[in-house]
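Structure record follows, encoded as structure tokens.
As the structure is a computational prediction, the values presented were derived from the model and not from experiment.
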Amino acid sequence: MTIIRDSLSSLFRFLPNLLLLFSLIPSLVCAQQQPKLLARKQYPRGNFIPPIPPPLALSGSFGSVRKRHFHSGTDLRTNSVEGEIVRAVDSGRILRINVSTSGYGNCIYILHPNGIVSVYAHLQAFNPTIEAYVKRKQYELKKFELELYPSANALILQQGDLIGWSGNTGSSEGPHLHFELRLNAGTLPYNSYLSGILYNDSTPPQFRNLYVYNIDEKNYEDSFAKRKRISIGSPKKTGQYILLDTVSVSATTGFGVELSDFVNKKSLACNVTELEYYCDGRRLYRFDLNAIAFDETSYADAHVDYALRTQYNKRAHLLFQMPGNFLSRYTTQARGLLHMKKGEIHNIRIRAIDAAGNASELLFAIRSTGEQKTYTTQGSLIAWKSGGTITKNAMQLSIPSGALFADLNLKISSITANTISGAQSPIYILHNENVGLRKSITLTIPKRLIGDSIPTDKIYLARWHSKKKRFVYHSVPSQTRSTFVCKLRDFGRYVLLCDTVAPEILTTTWDSVCNAFPLPSAYCFELKIHDSTTAIKTIESTIDNRWALWEYEPKTGQLWHQIDTSQMSRDTNHNLRLILKDVVGNKIEATCSFKTNSNE
């Protein structure tokens, strides 16, 4: 008996320590699952100079949430004009050159001796050496759009060397320089401010609105739709915002915040890079966006309130993780959600930090009603983990595993398209645009819906554009013997249409050049082209049966070819041939006969 008493006495003496150990096990497991993120001081400083003349002003900051991605660089303003000189921030070799009508447009990648890669995008033009190299490759490959990887010693630059001139090429929406620094052999973009590409910023972030989400974990869509917005007034002192009224919340609650970071007077509103959220001094959430890997950038649509952004163009950072959001830049407990009983009162502190280290905080108290919110559901349940397929009204919609960020009660239907000119199918209503997708989903439509007189190779998919109030070209579906297969990255309204109209050449000066006066020694053919229904896919051209390079800017429809007539025979006619094809194969062919000037 004495032995038993002694054993029990020892057990009870160590029981508090055992309970503490068991209480720590979940957090220890979570800690093992969290990735190791670099602290600000751990990013390489380097010896970089600014890529454009300082002082730097920003039109977009690193990490800001864009459609389906986090912004992987810093957008530097160029006073709304093209042609600002762009220089190499450090010595290195050109690793890659892109020429594209989309994405980064004309872009240079430089590998520096320390392993960092710098990126310069949307350039108007390259320096003469790079330009000559690119032109040579374009004529060799007979392609305008290229992705080139020069040999190690082909194109070497010293710090401060001219790279080219800033522009508006690719998917740019206005003149600027998109600049990046990347780690890990160019696979991990990070905030270049941390390596010394500095701009003046002494202003802390500004809190605009707090959003309260009373969460039904079986129905995130309605949890977002029933959000509560609380306007945040002016700070009580610099960088400190306080809500005086206690905020009423449900049993399961998450928060979101809308912020702005005004870097300096010449910059547009930018993004914060770190967010923290504390409950009674205990940190429940931390978000660090000083770097972002390309294979994780598609989680951006789950980082913000997607429906709020879609409907009102507001970006509220969610201070909790949706079930299907596995972005590694978070450190959370319980995914950042609060689970409370009735009457519980807690003090909340939210802290926002910008790239320069300026910080603001929002303080408020909450009281729980203890009510567990449940929202009514309609539609077919699709689990985010497994995905699913629904067949209805002669269409099939397939959603793969991991395409959704949370379980969804999916609603799909179709209506007749009698009022839509050229419609070859019903209008398919696929849920609504307020739910984001991380992966493509597949809409399959039977060919038997199409009339026998309609050429199936001219069929394209159109999507309803809410601002333009009409259906616009989306994509060309792939085809099997019996179906059209459409890949989609958005819910919304879709319809199949037919395009039998060829592209157009709108320029009226074409005829005045052809069969008219002799051209000077340097001449640029400048045209404007347009496709009224879908989009132009290919541009092919020859002069005297030799391939000719035409450069194209889809945003304006401008098409041009620079010729050097001094290299051509004089006083003879030269024959130019130009063929434009759209995405479904409709084409227009134009010819021009011109003569060089024998007096030059």
Under the ring pair (Phe, Tyr, Trp, His ring centres under 6.0 Å) criterion, do Phe594 and Phe525 qualify, and how do the steps go?
CA-CA 11 Å; Phe594 63 91; Phe525 281 99; 5.5 Å; yes
Note: Ile441 and Ala403 closest approach over all heavy atoms is CG2-CB, 4.4 Å
For the atom pair CG (Leu76) and NE2 (His176), what is the distance rounded to the nearest 0.5 Å?
8.5 Å
Is there a donor-acceptor contact under 3.5 Å from the side chain of Asn79 to the main chain of Val81?
no
Apply the side-chain contact (heavy atoms from CB on, under 4.5 Å) test between Pro150 and each candidate in Leu155, Val134, Ile130, Leu95; give the one that qualifies.
Leu155
Run the side-chain contact (heavy atoms from CB on, under 4.5 Å) test on Val99 and Gln138 for me, step by step, so that the C-alpha distance in whole Å, both residues' side-chain angles and the decisive distance to 0.1 Å come before the verdict.
CA-CA 10 Å; Val99 177; Gln138 287 173 321; 4.0 Å; yes
Using a 6.0 Å cut-off, check whether atom NZ of Lys439 has over 12 heavy atoms from anything other than its own residue.
yes
Write down the atom of Phe62, the atom of Pro189, and the distance for their closest heavy-atom approach.
CZ-O, 3.5 Å
Would you confirm whether His71, through its side chain, and Ser61, through its main-chain N or O, come within 3.5 Å as a donor-acceptor pair?
yes
Using the side-chain contact (heavy atoms from CB on, under 4.5 Å) rule, pick out the option among Asp201, Asn271, Leu58 that qualifies with Asp261.
Asp201
Test Ser91 against Gln159 for side chain to side chain donor-acceptor pair (under 3.5 Å), laying out the working first.
CA-CA 4 Å; Ser91 302; Gln159 186 179 60; over 6 Å; no
Let's go through Ser59 and Arg77 carefully: what are the C-alpha distance in whole Å and the side-chain angles of both, what is the deciding distance for side chain to side chain donor-acceptor pair (under 3.5 Å) to 0.1 Å, and is it a yes or a no?
CA-CA 6 Å; Ser59 59; Arg77 301 189 73 179; 5.5 Å; no
Under-4.0 Å salt bridge between Glu551 and Lys135:
yes
Starting at CG of Leu289, measure out to CG of Asn191 and round the result to the nearest 0.5 Å.
8.5 Å
Evaluate Thr389 against Gln396 for side chain to side chain donor-acceptor pair (under 3.5 Å), listing each step before the verdict.
CA-CA 7 Å; Thr389 297; Gln396 184 181 83; 5.6 Å; no
Ignoring hydrogens and geometry, is there a side-chain-to-backbone donor-acceptor pair from Asn127 to Leu162 under 3.5 Å?
yes
Measure the shortest side-chain to side-chain distance between Leu449 and Phe484 over non-hydrogen atoms and say whether it is less than 4.5 angstrom.
no
Salt bridge check: are Lys537 and Asp499 linked by an N-O gap of less than 4.0 Å?
no
Minimum side-chain heavy-atom gap Phe471-Ile427 below 4.5 Å
yes
Donor-acceptor contact below 3.5 Å, side chain Glu180 vs main chain Thr74:
no
Is there a side-chain contact between Ser541 and Ile579 (heavy atoms, below 4.5 Å)?
no
Carefully, step by step, assess Leu157 and Ile94 under the rule side-chain contact (heavy atoms from CB on, under 4.5 Å).
CA-CA 7 Å; Leu157 293 168; Ile94 293 183; 3.9 Å; yes
Relative to each other, are the rings of Tyr494 and His474 parallel, tilted or perpendicular (30° and 60° limits)?
perpendicular
Has Lys266 got more than 12 heavy atoms of other residues, nucleotides or ligands less than 6.0 Å from its NZ?
no
Please round to the nearest 0.5 Å and tell me the distance separating atom CG of Leu496 and atom CD1 of Ile450.
5.5 Å
Is it the case that more than 12 heavy atoms not belonging to Arg489 sit under 6.0 Å from its CZ atom?
yes
Decide whether Asn264 and Ser267 meet the rule of one side-chain donor and one side-chain acceptor closer than 3.5 Å.
yes
Have Ser532 and Glu504 got a donor and an acceptor in their side chains that come within less than 3.5 Å?
no
Tell me the closest heavy-atom pair linking Glu433 and Gly492, and the distance in Å.
CG-CA, 4.0 Å
Are Tyr460 and Thr533 close enough, and set up right, to give a side-chain contact (heavy atoms from CB on, under 4.5 Å), and what steps lead you there?
CA-CA 10 Å; Tyr460 70 95; Thr533 309; 3.2 Å; yes
Once rounded to the nearest 0.5 Å, what's the spacing between atom CD1 of Ile85 and atom CH2 of Trp165?
7.5 Å
More than 12 heavy atoms of other residues, nucleotides or ligands under 6.0 Å from CZ of Arg577: yes or no?
no
Would you mind reporting whether Ile52 and Ser166 have side-chain heavy atoms less than 4.5 Å apart?
no
Mind checking whether Ile163 and Tyr120 have side chains closer than 4.5 Å, heavy atoms only?
yes
Does NZ in Lys142 sit with more than 12 non-hydrogen atoms of other residues, nucleotides or ligands closer than 6.0 Å?
no
Non-hydrogen atoms of Leu549 and His561 that approach each other most closely:
O-ND1, 2.6 Å
Between atom NZ of Lys581 and atom CD1 of Ile539, what is the distance when rounded to the nearest 0.5 Å?
12.5 Å
Does the pair Thr480 and Thr483 meet the rule for a side chain to side chain donor-acceptor pair (under 3.5 Å), with working shown?
CA-CA 5 Å; Thr480 68; Thr483 63; 2.5 Å; yes
Quick one, Val485 and Pro477 - any side-chain contact, counting heavy atoms below 4.5 Å?
no
Does a side chain donor of either Tyr190 or Ser195 reach within less than 3.5 Å of an acceptor in the other side chain?
yes
State whether the side chain of Ser172 and the backbone N or O of Gly174 hold a donor-acceptor pair below 3.5 Å, judged by distance alone.
yes
Within the structure provided, determine whether Gln158 and Ile156 are in side-chain contact (heavy-atom separation under 4.5 Å).
yes
If you count heavy atoms of other groups shown closer than 6.0 angstrom to CD of Glu147, is the number above 12?
yes
Can you classify the ring geometry of His112 versus Phe48 as parallel (below 30°), tilted (30 to 60°) or perpendicular (above 60°)?
perpendicular
Minimum heavy-atom separation for His465 and Lys468, please, with both atom names.
ND1-N, 3.0 Å
Is there a donor in the side chain of Arg96 and an acceptor in the side chain of Asn98, or the other way round, less than 3.5 Å apart?
yes
Between Trp547 and Tyr139, does the ring centre distance come in under 6.0 Å?
yes
May I ask you to decide if the ring planes of Phe405 and Tyr299 are parallel, tilted or perpendicular, using 30° and 60° as cut-offs?
tilted
Check this for me: Asn200, atom CG, are more than 12 non-hydrogen atoms of other residues, nucleotides or ligands nearer than 6.0 Å?
no
Could you give the distance from OG (Ser482) to NZ (Lys447), rounded to the nearest 0.5 Å?
7.5 Å
Parallel, tilted or perpendicular, as decided by the 30° and 60° cut-offs, for the rings of Tyr104 and His122:
perpendicular
Could you check Leu559 against Leu578 for side-chain contact (heavy atoms from CB on, under 4.5 Å), going step by step and ending with a plain yes or no?
CA-CA 11 Å; Leu559 179 70; Leu578 177 64; 4.2 Å; yes
Can you tell me if CG on Asp457 sees more than 12 non-hydrogen neighbours from other groups inside 6.0 Å?
yes
Can you find a pair of side-chain heavy atoms, one from Arg309 and one from Asp301, that are under 4.5 Å apart?
yes
